[in-house]
Amino acid sequence: MRDLIDDAARESVTSACEDVRPPGEDDIVDQVVPGLVARPTSTHQVSEVLRAAAAHGLTVVPRGRGTKMTWGMPPRSADVLVDLAAMDQVLDHQAGDLIVETQAGVRLAELQAVVGKEGQRLVLDETVPGASVGGTLATNASGPQRVLVGTARDLLIGITVVRADGVVAKAGGRVVKNVAGYDLGKLMIGSFGTLAVVTEALFRLHPDPPVQRWVWIEVDDPAAVHDAVQSVVHAQVVPAAVEVDQPVDGRATVTVLLGGKAEGVEGRVRTTRQLLGEHAEVAESAPASWSSYPWQPGETGLKLTCVLSGLRDVLRTAREVGASVRGSGGTGVLYAAVADAERAAEAVERLRAVCVRHQGAAVVVDAPREVKQAVDAWGAVPALDLMRRVKDQFDPSHRLAPGRFVGGI
Amino acid sequence: MTVTAASGAALDKVIARVRQVLPDDAVISDHARLRTYECDGLAHYRVTPALVVIPEDTTQLAAVVTACAAHHIPFVARGSGTGLSGGALPHKDGVLIVTSRMRAIREVRREDQRAVVEPGVINLDVTRAATPAGYYYAPDPSSQQICSIGGNVAENSGGAHCLKYGFTTNHVLGAEFVTPQGEVVELGGGAPDAPGYDLLGAVVGSEGTLGIVTSATVRLVRLPEEVRTVLVGFESTDQAGAATSAIISAGILPAAIEMMDALAIEAAEEAVRCGYPEGAGAVLVIELDGAAVEVAQEYDEVERLCAENGAFEQRLATDPVDRALIWKGRKSAFAAVGRISPDYIVQDGVIPRTALPEVLRAIADLSGSSGVRVANVFHAGDGNLHPLVLFDESKEGEGEAAERVSGAILDLCIEHGGSITGEHGVGVDKAKYMPRMYNEDDLDTMQMVRCAFDPDNISNPGKVFPTPRLCGEVPGRHKGAHPLQEAGLAEVF
């Protein structure tokens, strides 16, 4: 399935940006072949491309580094794929103020390397190798270290976006503390490119911890995982991460990350081992599965959320439906993998029921096309009407990443 | 502008409806009593509302909003009325909705590290309710003994400890929310990362312009094992600023680093006898918290860094009473300035922390050249300045001079890449400064959110934005899918 773009529209987009080309194999968005691929190098060029697209009623799908293009639902149409990979500059790192300003196409790992030179970091885990800043924001991806400082919404302090009509707008600024105007950044996070194209972002940074230790233990069942997590989160060990890894069968692992200065970490490692039990072990580097999703390509991947008291039930249900689970037990944000597509629909339904019962949600993040068609990927979303009204304001003709988001937005 | 006959008639209809659903004593229309609500914490703006209602629950509150929506009557929500930007300033033809009877702490759940509270609940009461379980509510505005959670959510309130723990927006996970149409919807939830747009992220800090939060699910934070508070005296603000930078550069993130200059110290001493070091040109209040071993270690480092940067006195609080006294000096600073000046403006601006020495010198120059005294109290760790601009209203021209200095300080903040408000909000007071910080397109884009939530512009109109955006009709979709198809209820035609 491929969109046809008339010559006038093609000409208009081509003159808006230096690098415009026909799509290749790698440009397919979840089986949807784009009409054109535009590769702008600046916010201004993105604006020109979006103005051209608006003038001709073309649909637009933004892409960072293309590591999560099968996440969410496939777009209904992708006349123009806006590839942000050439917007790859870290614009400004102010170490003294602990902030960094970056273009959206910069890989998260590259950003970390730049700020790392000054002993700083953006406390946002890379969960898919090669992921960009923009894609991380668009999907609200987060990893183990969300326990202590949170996620993108807690770290993003300023943003530049290009609207569907090509208008460039900024919100927030260069300071961490700022309540002037609406926080548009938060609306953009997790919006899958359906409200605007994010071109630049400003983040708050944190100092690198001099020492990190991973304390882990294997336990028998969901109840034991639950108890281990509870004992750690209510203790005084200030964990940076509390991860759970529960395979389809066999024993589960609970891993606690402790970071800070050597003496302090040493003391907290001791306390954590006492909490977890005599078999708890300590490692100086992260386990192999750290900050990765449990699913393989072609499997059904879900994001499961719950309040902490629901952890036991969610893990039990996962066992019953044959799903493996990995994620932040310390915050109630887990990821599940269902290998067998035939069992996916039942797994989604049962996991959704248990997550909703514990004040959370189960969302299909990534799945084969047939699974996405067979299940409701997002589940019931409260305030959906209000979300549609926001979409209608930002993108009244529904041309940005149409269909990728909740309720067909 | 006077009340037109048409709006008067509409208001009468709202009043009639409201009287049907609210108890008699929850509806105030008597002029003398209405006047007691004419201002919030920023008392030089005063407007008497047309009606005040004090609903007891979400149903009553939603009914009031529904009635307002039906008749296009503006409404303004008000918590404890402690705001410092006129965010809760009433509308003269509108309804003021006071949340002071919605004060239930619905749940405190230790296992989930959550509390569910109504908007009228006092900030400090959430911490009081959570403390027996070993937890507290982290955002701590100086007014925490009287300010309400609803107001905190509206303003995205900060406080001294937000340097380490973040602001209200980082601690609210879910909300029951009444839209400007009167619908009750759930935003966010008990668990993090609710699917869909982060509408809650837009609502927190929107200053009541998108609707009214009728309950909030907030994150509770573990009480730290150890807290150390130290009061450090310096000869100058330059030294204190350098010490602050040295601490942050060393990779230490204190719970709070607060600075006061000589004039602010003088005022605090007069008011609360907090025992700050005599002759200091500046003091820092530094609080470290966390695991005991680390706090001890960090304290040693902080002590050394302060000494290296010229500290002449360092007083570690020895017990909770002593700590409270140190904080009392800081938290009462605004009110204390009343002791040394009949009138004053509390300014709230933000600069990158590294610009601190430069901006403080520029403020001193402004003060020197204008003859207007400025006392400085601020959250040094995150560059949030609270210059207190002193004047005497009874003296010809002093008020205007103070206004000019106050505005010039905001310009300094913007020039240095900062913000016109770090925690007090834009409200009615700073709407005129918004175009200095954001261009027309930025403001237009922000107001698209407003148009989505409140196309009729009845929820706290006239606040935040200098000029309202016309929302208009949503243009026809030329490439959009059929709503049924979008909802997944029908296949592609």
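Chain letters run A, B, ... following the sequence lines, proteins first, then strands; residues in each count from 1. Worth knowing before you read on, the calculation uses all heavy atoms, side chains too, and leaves out hydrogens, waters and symmetry mates.
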Original post:
Any salt bridge between B/Asp444 and A/Arg163, counting N to O under 4.0 Å?
Top reply: yes
Subject >> Most chain A-contacting option - heavy-atom pairs closer than 4.5 Å, from B/Ser206, B/Pro352, B/Ala133, B/Gly189 >> reply: B/Pro352
Subject >> Heavy-atom contact with chain A under 4.5 Å, split by part of B/Leu173 >> reply: neither
Original post:
Taking NZ, NE, NH1 and NH2 as the nitrogens, is one of them in B/Glu183 or A/Arg389 under 4.0 Å from a carboxylate oxygen of the other?
Top reply: yes
Original post:
For A/Arg153 and B/Gly201, which heavy atoms make the closest approach, and how far apart are they?
Top reply: NH2-CA, 3.6 Å
Original post:
Using 4.0 Å as the upper bound for N to carboxylate O, is an ion pair formed by A/Lys261 and B/Glu301?
Top reply: yes
Subject >> Shortest non-hydrogen contact from A/Lys170 toward B/Asp442 >> reply: N-OD1, 2.7 Å
Subject >> Region of A/Pro207 that comes under 4.5 Å of a non-hydrogen atom in chain B >> reply: side chain
Original post:
Which one of A/His206, A/Met188, A/Gln94, A/Gln230 has the most heavy-atom pairs closer than 4.5 Å to chain B?
Top reply: A/Gln230
Subject >> Structural part of B/Met448 lying under 4.5 Å from a heavy atom of chain A >> reply: both
Subject >> Non-hydrogen atoms of B/Asp198 and A/Leu187 that approach each other most closely >> reply: O-CD2, 3.9 Å
Original post:
For the side chain of B/Gln297 and the backbone of A/Glu263, is there at least one donor-acceptor N/O pair under 3.5 Å apart?
Top reply: no
**OP:** Please answer whether the main-chain N or O of A/Val167 pairs with a side-chain N or O of B/Asp441 as donor and acceptor at a distance below 3.5 Å.
**Re:** no
Original post:
Is a donor on one side and an acceptor on the other found under 3.5 Å between the side chain of B/Asp112 and the backbone of A/Ser309?
Top reply: yes
Original post:
Considering only heavy atoms, which portion of B/Phe453 lies under 4.5 Å from any heavy atom of chain A: side chain, backbone, both, or neither?
Top reply: both
Original post:
Where does A/Asp385 contact chain B at under 4.5 Å (heavy atoms): side chain, backbone, both or neither?
Top reply: side chain
**OP:** Measure the shortest side-chain to side-chain distance between B/Leu199 and A/Val390 over non-hydrogen atoms and say whether it is less than 4.5 angstrom.
**Re:** yes
**OP:** Taking the side chain as every heavy atom from C-beta outward, state whether A/Leu98 and B/Arg353 have any atom pair closer than 4.5 Å.
**Re:** yes
Original post:
chain B heavy atoms under 4.5 Å from A/Thr271: which part of the residue, side chain, backbone, both or neither?
Top reply: neither
Original post:
So with a 6.0 Å cut-off around NZ of B/Lys164, is the heavy-atom count from everything else above 12?
Top reply: yes
Original post:
Between A/Val149, A/Leu148, A/Thr151, A/Val233, which shows the greatest number of heavy-atom pairs under 4.5 Å with chain B?
Top reply: A/Val233
Original post:
Under a 4.5 Å heavy-atom cutoff, which of B/Met434, B/Gln447, B/His424 has the most pairs with chain A?
Top reply: B/Met434
Original post:
Counting N and O atoms only, with roles assigned by atom type, does the side chain of A/Arg268 sit under 3.5 Å from a partner on the main chain of B/Ala291, one being a donor and the other an acceptor?
Top reply: no
Original post:
Using non-hydrogen atoms only, which part of A/Leu184 is less than 4.5 Å away from chain B: side chain, backbone, both, or neither?
Top reply: side chain
Original post:
For the candidates B/Leu210, B/Thr179, B/Val204, which exhibits the highest count of non-hydrogen atom pairs separated by less than 4.5 Å from chain A?
Top reply: B/Leu210
**OP:** Just grab all the ring pair (Phe, Tyr, Trp, His ring centres under 6.0 Å) pairs involving residues 163-184 of chain A, residues at least two apart or on different chains.
**Re:** A/Tyr182-B/Phe465
Subject >> Heavy atoms from other residues, nucleotides or ligands near CD of B/Glu440 exceed 12 (cutoff 6.0 Å) >> reply: no
Original post:
What part of B/Leu443 gets closer than 4.5 Å to chain A, counting heavy atoms only: side chain, backbone, both or neither?
Top reply: neither
Subject >> Contact origin within A/Ala235 toward chain B - heavy atom pairs under 4.5 Å >> reply: backbone
**OP:** Please name the pair of heavy atoms, one in A/Ala383 and one in B/Leu187, separated by the smallest distance, quoted to 0.1 Å.
**Re:** CB-CD2, 3.8 Å
**OP:** Heavy-atom distances under 4.5 Å only: say whether B/Thr445 touches chain A with side chain, backbone, both or neither.
**Re:** both
Original post:
Quick check: does any side chain N or O of A/Asn178 sit under 3.5 Å from a backbone N or O of B/Gly422, one acting as donor and the other as acceptor?
Top reply: no
Original post:
Is the closest side-chain heavy-atom distance between A/Leu308 and B/Arg110 below 4.5 Å?
Top reply: no
Subject >> B/Glu111 and A/Val307, any side-chain heavy atoms less than 4.5 Å apart >> reply: no
Subject >> Option in B/Asn170, B/Asp348, B/Val185 with maximal non-hydrogen atom pairs under 4.5 Å from chain A >> reply: B/Asn170
Subject >> Contact summary for B/Ser419 and A/Ala180, nearest pair of heavy atoms >> reply: OG-CB, 3.8 Å
Subject >> Region of A/Val363 in contact with chain B, defined by heavy-atom distances below 4.5 Å >> reply: side chain
Original post:
For A/Val168, is it the side chain, the backbone, both or neither that has a heavy atom under 4.5 Å from a heavy atom of chain B?
Top reply: backbone
**OP:** Sort out for me which of B/His379, B/Lys430, B/Glu226 touches chain A most, counting heavy-atom pairs under 4.5 Å.
**Re:** B/His379
**OP:** Find the one option among B/Gly290, B/Gly166, B/Pro192 whose heavy-atom pairs under 4.5 Å with chain A are most numerous.
**Re:** B/Pro192
Original post:
B/Met446 versus chain A, heavy atoms under 4.5 Å apart: side chain, backbone, both or neither?
Top reply: both
Subject >> chain A contact via B/Ala250 - which portion, at a heavy-atom distance below 4.5 Å >> reply: backbone
**OP:** With the side chain counted from C-beta on, respond yes when B/Tyr197 and A/Leu386 share a heavy-atom pair under 4.5 Å apart, and no when they do not.
**Re:** no
Original post:
With distance as the sole test, does B/Arg222 use its side chain to make a donor-acceptor pair with the main-chain N or O of A/Val237 at under 3.5 Å?
Top reply: no
**OP:** Pick one of side chain, backbone, both or neither for A/Phe405, based on which atoms fall under 4.5 Å of a heavy atom in chain B.
**Re:** side chain
**OP:** Look at A/Pro402, A/Cys355, A/Cys306, A/Gly332 and state which one has the largest set of heavy-atom pairs under 4.5 Å with chain B.
**Re:** A/Cys306
**OP:** Report yes if the side chains of B/Ile248 and A/Asp97 come closer than 4.5 Å at any heavy-atom pair, otherwise no.
**Re:** no
Subject >> Presence of salt bridge, B/Asp193 and A/Arg146, under 4.0 angstrom >> reply: yes
Original post:
Judged by atom type as modelled, is there a donor-acceptor pair below 3.5 Å linking the side chain of A/Arg174 to the main-chain atoms of B/Gly417?
Top reply: no
Subject >> Counterpart residues, side chain to side chain contact (heavy atoms under 4.5 Å, CB included), relative to A/Arg357 (two or more places apart) >> reply: A/Asp313, A/Val354
Original post:
Ignoring hydrogens and geometry, is there a side-chain-to-backbone donor-acceptor pair from A/Gln236 to B/Glu225 under 3.5 Å?
Top reply: yes
**OP:** Give the minimum heavy-atom separation between A/Val179 and B/Val426, together with the two atoms involved.
**Re:** O-CG2, 4.3 Å
Subject >> Side-chain heavy-atom pair B/Arg450, A/Gln393 within 4.5 angstrom cut-off >> reply: no
